[in-house]
J.: 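Attaching a single structure in structure tokens format; questions to follow.
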Amino acid sequence: TIDAGLQKKISEVLMRRLALSSSAKGATAVAIEPATGEILALVTIPSYDNNMFSTPSARQEYQRMERSALNPFFNRAISGMYPPGSVIKPFVAYAALEEGVVTPRTQVMSTGSIVIPNPYNPDAPAVFRDWKAGGHGIVDIYKAIAESVNTYFYAIGGGYGDISGLGVLRIKKYLDAFGFGTKTNIDIMGEGAGVVPNQEWKERVLGAQWTLGDTYNVSIGQGNLLVTPLQLTRAYAALANGGKLMQPLLVKEVIDNNNNVIFESRPLVVTTSADDEKNLQAVRTGMRQTVTDGSARRLADLPGAVAGKTGTAQAPRGATHAWFASFAPFDDPQIALVILFEEGGEGSAVAVPAAQEIYQWYFGDRKK
């Protein structure tokens, strides 16, 4: 199913931008056709040349690459598990709309942080900050997605003030519905499953009790939440196609020596458990405003109208991970595209420019 031209273009863009980065350890991108689940591109960098194994020095080259700190044999696209940061917010927003925690008209005052009293130490309350000092002012769900307003998602995720919040169990219910926390069963080996944590997981794995702060962190894509780039791309394809979670496909068909088709894949809908079109459209509108008015404005003038979400996720060490997740065109989605620069910095500053190059080629320059 791979689109060779797109695969090559994405590889070129990511390699060039990696070379310019002072911190990024690697990069990956996945592109999926939303209607079918067919994988149009699957790029992981650093990588290697398969021709290496046909040379007399194959063993030495293999050993050298195996020892490399860049880990070229690691397929970041399907095996890498990363905190998603703000690219998870559209799914939390959808959950809040579905559960009636908020409506598209619900407004929240963003002042830059929320403060939670500490029952054990009244003099040391917990402060959960937004990325923007002073806050974003009055925010509805569209602005919250477009400007990535952390305090809005703290409120709809864990509750604050007059907003009851989803709670971790309902957040997990919807993240599970979009395919997070389980393998996609792509037709190659080595896939990671990711982690969608809850109380039971934390007690079993970490031996600790769940806290409100844990729920707040999951609501903005941090804490112990981990996703693969493939999972995220499939989930964005589901936002684009009306809520159908598709089986990712790499093998389109197999033919024998006489050109007889001995296997042909068919699009397979895994589930449609998150398919309320009104609420999906509200989320998609917020993602479109990310491009027209928010953190991805440099994509506003592309030949195809893009809807997307930037993400900057804290990493266990080093710089932050830079994400951009998207689909296009907005009114007739043909491609869902996710880009990640591992420890690459800010999503809006690093991943969005790469997406701009790729989409410009895909909808514009390629056709010239």
J.: Measure from the side-chain N and O atoms of N118 to the backbone N and O of A126, and report whether any donor-acceptor pair falls under 3.5 Å.
T.: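 Not confirmed, N118 side chain does not pair with A126 backbone.
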J.: Ignoring hydrogens and angles, tell me if any N or O in the side chain of R170 forms a donor-acceptor pair with the backbone of A96 under 3.5 Å.
T.: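 Side chain of R170 to backbone of A96, a donor-acceptor pair under 3.5 Å: no, none is there.
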J.: Within the distance-only criterion (no hydrogens, no angle test), does the side chain of Y152 pair as donor or acceptor with the backbone N or O of K143 below 3.5 angstrom?
T.: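 No; judged by distance alone, with no hydrogens or angles, the pair does not exist.
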J.: If you round to the nearest 0.5 Å, how far is CG of N198 from CD1 of I171?
T.: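 Rounded to the nearest 0.5 Å, the CD1-CG separation comes to 11.0 Å.
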J.: Distance from K183 atom NZ to L230 atom CG, nearest 0.5 Å?
T.: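 It comes to 12.0 Å.
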J.: What are the two closest non-hydrogen atoms of T1 and V251, and how far apart are they?
T.: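 Heavy atoms of T1 and V251 come nearest at CG2-C, 4.3 Å.
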J.: Between R284 and Q281, does a side chain to side chain donor-acceptor pair (under 3.5 Å) hold up when you go through it step by step?
T.: CA-CA 5 Å; R284 290 193 294 256; Q281 184 60 27; 2.8 Å; yes
J.: Working note: S326 + K309, criterion side chain to side chain donor-acceptor pair (under 3.5 Å); need CA distance, chi angles, decisive distance, verdict.
T.: CA-CA 6 Å; S326 59; K309 184 73 195 74; over 6 Å; no
J.: Does the E191 side chain pair with the main chain of N185, one donor and one acceptor, at a distance under 3.5 Å?
T.: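 Such a contact is found between E191 side chain and N185 backbone.
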J.: Can you see whether D140 engages Q107 through a side-chain donor-acceptor pair at a distance of less than 3.5 angstrom?
T.: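 No - no donor-acceptor pair under 3.5 Å links their side chains.
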J.: Is it the case that over 12 heavy atoms from other parts of the model lie below 6.0 angstrom from the NZ atom of K132?
T.: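 Count over threshold, so yes.
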J.: With no hydrogens and no angle check, do the side chains of E33 and T36 hold a donor and an acceptor under 3.5 Å apart?
T.: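 Checked: E33/T36 side chains pair up, N/O donor to acceptor below 3.5 Å.
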J.: So, for A41 and Q7, which heavy atoms are closest and what is the spacing to 0.1 Å?
T.: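 Looking at all heavy atoms of both residues, the closest pair is CA-OE1, 3.2 Å.
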J.: When rounded to the nearest 0.5 angstrom, what distance separates OG in S110 from CG in N150?
T.: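 That separation rounds to 9.0 Å.
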J.: Do T184 and Q231 pair up side chain to side chain, a donor and an acceptor below 3.5 Å, judged on atom types alone?
T.: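 There is no such pair (donor and acceptor under 3.5 Å, judged by atom type) between the side chains of T184 and Q231.
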J.: Does any non-hydrogen side-chain atom of R16 lie less than 4.5 Å from one of E357?
T.: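 They are in contact (side-chain heavy atoms under 4.5 Å apart), so the answer is yes.
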J.: Got a sec: does the CG of D49 have more than 12 other heavy atoms crowding it under 6.0 Å?
T.: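 Count over threshold, so yes.
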J.: Is it the case that atom CZ in R129 sees more than 12 heavy atoms from other parts of the structure closer than 6.0 Å?
T.: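 Check fails, neighbour count at 12 or below.
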J.: Please confirm whether the backbone N or O of S79 pairs with a side-chain atom of T228, one donor and one acceptor, at under 3.5 Å?
T.: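 Between the backbone of S79 and the side chain of T228 there is no qualifying donor-acceptor contact (under 3.5 Å).
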J.: Apply salt bridge (charged side-chain N to carboxylate O under 4.0 Å, His left out) to residues R204 and E200 and explain how you reach the verdict.
T.: CA-CA 6 Å; R204 173 172 51 85; E200 182 275 331; 2.8 Å; yes
J.: Treat each ILVMFWY residue as a node, draw an edge where side-chain heavy atoms are under 4.5 Å apart, and state whether L280 and I88 are in one component.
T.: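 Yes, it is one cluster - the side chains of L280 and I88 are joined through contacts under 4.5 Å.
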J.: Let's go through D214 and K202 carefully: what are the C-alpha distance in whole Å and the side-chain angles of both, what is the deciding distance for salt bridge (charged side-chain N to carboxylate O under 4.0 Å, His left out) to 0.1 Å, and is it a yes or a no?
T.: CA-CA 10 Å; D214 292 322; K202 188 176 181 183; 2.5 Å; yes
J.: Determine, stepwise, if the pair T215 / Y154 fulfils side-chain contact (heavy atoms from CB on, under 4.5 Å).
T.: CA-CA 8 Å; T215 305; Y154 294 147; over 6 Å; no
J.: Would you say the rings of Y48 and F73 are close, in the sense that their centroids are separated by under 6.0 Å?
T.: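 Yes, the ring of F73 comes within the 6.0 Å limit of the ring of Y48, centre to centre.
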J.: Do you know the tightest heavy-atom contact between N224 and L206?
T.: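 That would be OD1-CD1, 3.8 Å.
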J.: Measure the spacing between CG of N258 and CD1 of I255 and express it to the nearest 0.5 Å.
T.: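 Here the rounded value is 10.0 Å.
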J.: Quick one: does D275's side chain get under 4.5 Å of K244's, heavy atoms only?
T.: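 They are not in side-chain contact.
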J.: Decide yes or no on salt bridge (charged side-chain N to carboxylate O under 4.0 Å, His left out) for D3 and K9, but give the supporting numbers first.
T.: CA-CA 10 Å; D3 178 328; K9 182 64 179 181; over 6 Å; no
J.: How about S54 and N51: does a side-chain donor come under 3.5 Å of a side-chain acceptor?
T.: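 No, no side-chain donor-acceptor pair sits under 3.5 Å.
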J.: So do the side chains of L175 and K172 get within less than 4.5 Å of each other, counting heavy atoms only?
T.: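 Not in contact.
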J.: Are R297 and T292 close enough that some pair of their side-chain heavy atoms sits under 4.5 Å apart?
T.: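 No - every pair of side-chain heavy atoms lies 4.5 Å or more apart.
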J.: Please report whether the ring centroid of F128 lies less than 6.0 Å from that of Y160.
T.: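 Ring-ring flag for Y160/F128: false, centres at least 6.0 Å apart.
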J.: Is there side-chain contact between I39 and I2, with heavy atoms separated by less than 4.5 Å?
T.: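 Yes - at least one pair of side-chain heavy atoms lies under 4.5 Å apart.
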J.: Would F327 and Y236 count as a ring pair (Phe, Tyr, Trp, His ring centres under 6.0 Å) if you check the C-alpha gap in whole Å, the side-chain angles of each, and the deciding distance to 0.1 Å?
T.: CA-CA 7 Å; F327 65 84; Y236 269 78; 7.6 Å; no
J.: Hey, quick one: are W323 and L14 part of the same hydrophobic cluster, counting side-chain heavy atoms closer than 4.5 Å, chains of contacts allowed?
T.: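 W323 and L14: separate clusters.
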J.: Do L239 and V92 share a hydrophobic cluster, counting only Ile, Leu, Val, Met, Phe, Trp and Tyr and linking them when any side-chain heavy atoms are less than 4.5 Å apart?
T.: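 L239 clusters together with V92.
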J.: Check whether more than 12 heavy atoms from other residues, nucleotides or ligands sit under 6.0 Å from atom CD1 of I138, and answer yes or no.
T.: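 No, CD1 of I138 has 12 or fewer neighbouring heavy atoms, counting only those of other groups under 6.0 Å.
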J.: For atom CG of N260, is the number of surrounding heavy atoms from other residues, nucleotides or ligands below 6.0 Å larger than 12?
T.: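 Counting other residues, nucleotides and ligands, CG of N260 exceeds 12 neighbours.
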J.: What is the distance from atom CD1 of I186 to atom CG of N75, rounded to the nearest 0.5 Å?
T.: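 With rounding to 0.5 Å, CD1 (I186) is 8.0 Å from CG (N75).
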J.: Compare every heavy atom of T310 with every heavy atom of A296, then report the nearest pair and how far apart it is.
T.: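 Heavy atoms of A296 and T310 come nearest at CB-CG2, 4.3 Å.
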J.: Taking R234 for the side chain and M246 for the main chain, is one N or O donor matched with an acceptor at less than 3.5 Å?
T.: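 Looks like yes, one N/O pair under 3.5 Å.
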J.: Please output the side-chain donor-acceptor pairs of residues 332-343 that fall under 3.5 Å, not counting sequence neighbours, one pair per line with the distance.
T.:
| unit_1 | atom_1 | unit_2 | atom_2 | d |
| --- | --- | --- | --- | --- |
| E342 | OE1 | R76 | NE | 3.0 |
| E342 | OE1 | Y82 | OH | 2.7 |
| E343 | OE1 | K25 | NZ | 3.1 |

J.: Any donor-acceptor pair under 3.5 Å linking the side chain of Q222 with the backbone of Q314?
T.: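 Side chain of Q222 to backbone of Q314: a pair is present.
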J.: Look at the side chain of N279 and the backbone N and O of Y94, then say whether any donor-acceptor pair between them is shorter than 3.5 Å.
T.: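 Judged by distance alone, no pair lies under 3.5 Å.
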J.: What about the rings of Y216 and F153, do their centers lie closer together than 6.0 Å?
T.: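 For Y216 and F153, the ring centres are not under 6.0 Å apart.
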J.: Between S86 and K89, is there a side-chain donor-acceptor contact under 3.5 Å, judged purely by atom types and distance?
T.: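 S86 and K89 do have a side-chain donor-acceptor pair below 3.5 Å.
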J.: For the backbone of G347 and the side chain of T312, can you confirm whether one donor and one acceptor N or O come within less than 3.5 Å of each other?
T.: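 Checked: pair present.
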J.: Report yes if some heavy atom in the side chain of Q199 is under 4.5 Å from a heavy atom in the side chain of V168; otherwise report no.
T.: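 Yes; the side chains approach each other to less than 4.5 Å.
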J.: Following the transitive rule for hydrophobic clusters with a side-chain heavy-atom cut-off under 4.5 Å over Ile, Leu, Val, Met, Phe, Trp and Tyr, establish whether W131 and L225 coincide in one cluster.
T.: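 No, W131 does not connect to L225 through the hydrophobic network.
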J.: Can you tell if the side chain of P353 reaches within under 4.5 Å of the side chain of R298, non-hydrogen atoms only?
T.: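 P353 vs R298: side chains touch.
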J.: Please give me the minimum heavy-atom distance between A93 and I145, naming the atom from each residue.
T.: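 Result for this residue pair: CB-CD1, 4.0 Å.
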J.: Roughly how far, to the nearest 0.5 Å, is CZ of F74 from OG1 of T28?
T.: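 T28 OG1 to F74 CZ: 9.5 Å, rounded to 0.5 Å.
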J.: Considering non-hydrogen atoms only, spot the tightest contact between L232 and A325 and give its length.
T.: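 Result for this residue pair: CD2-CB, 4.3 Å.
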J.: Is I156 reachable from Y174 through a run of hydrophobic residues whose side-chain heavy atoms are each under 4.5 Å from the next?
T.: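 As far as the 4.5 Å side-chain criterion goes, I156 and Y174 are connected within one cluster.
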J.: Begin with the C-alpha distance, continue with both residues' side-chain angles, and end with the deciding distance and a verdict on salt bridge (charged side-chain N to carboxylate O under 4.0 Å, His left out) for E99 and K173.
T.: CA-CA 11 Å; E99 294 293 322; K173 169 187 170 183; 3.6 Å; yes
J.: Is any side-chain heavy atom of I188 less than 4.5 Å from a side-chain heavy atom of L42?
T.: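 They are in side-chain contact.
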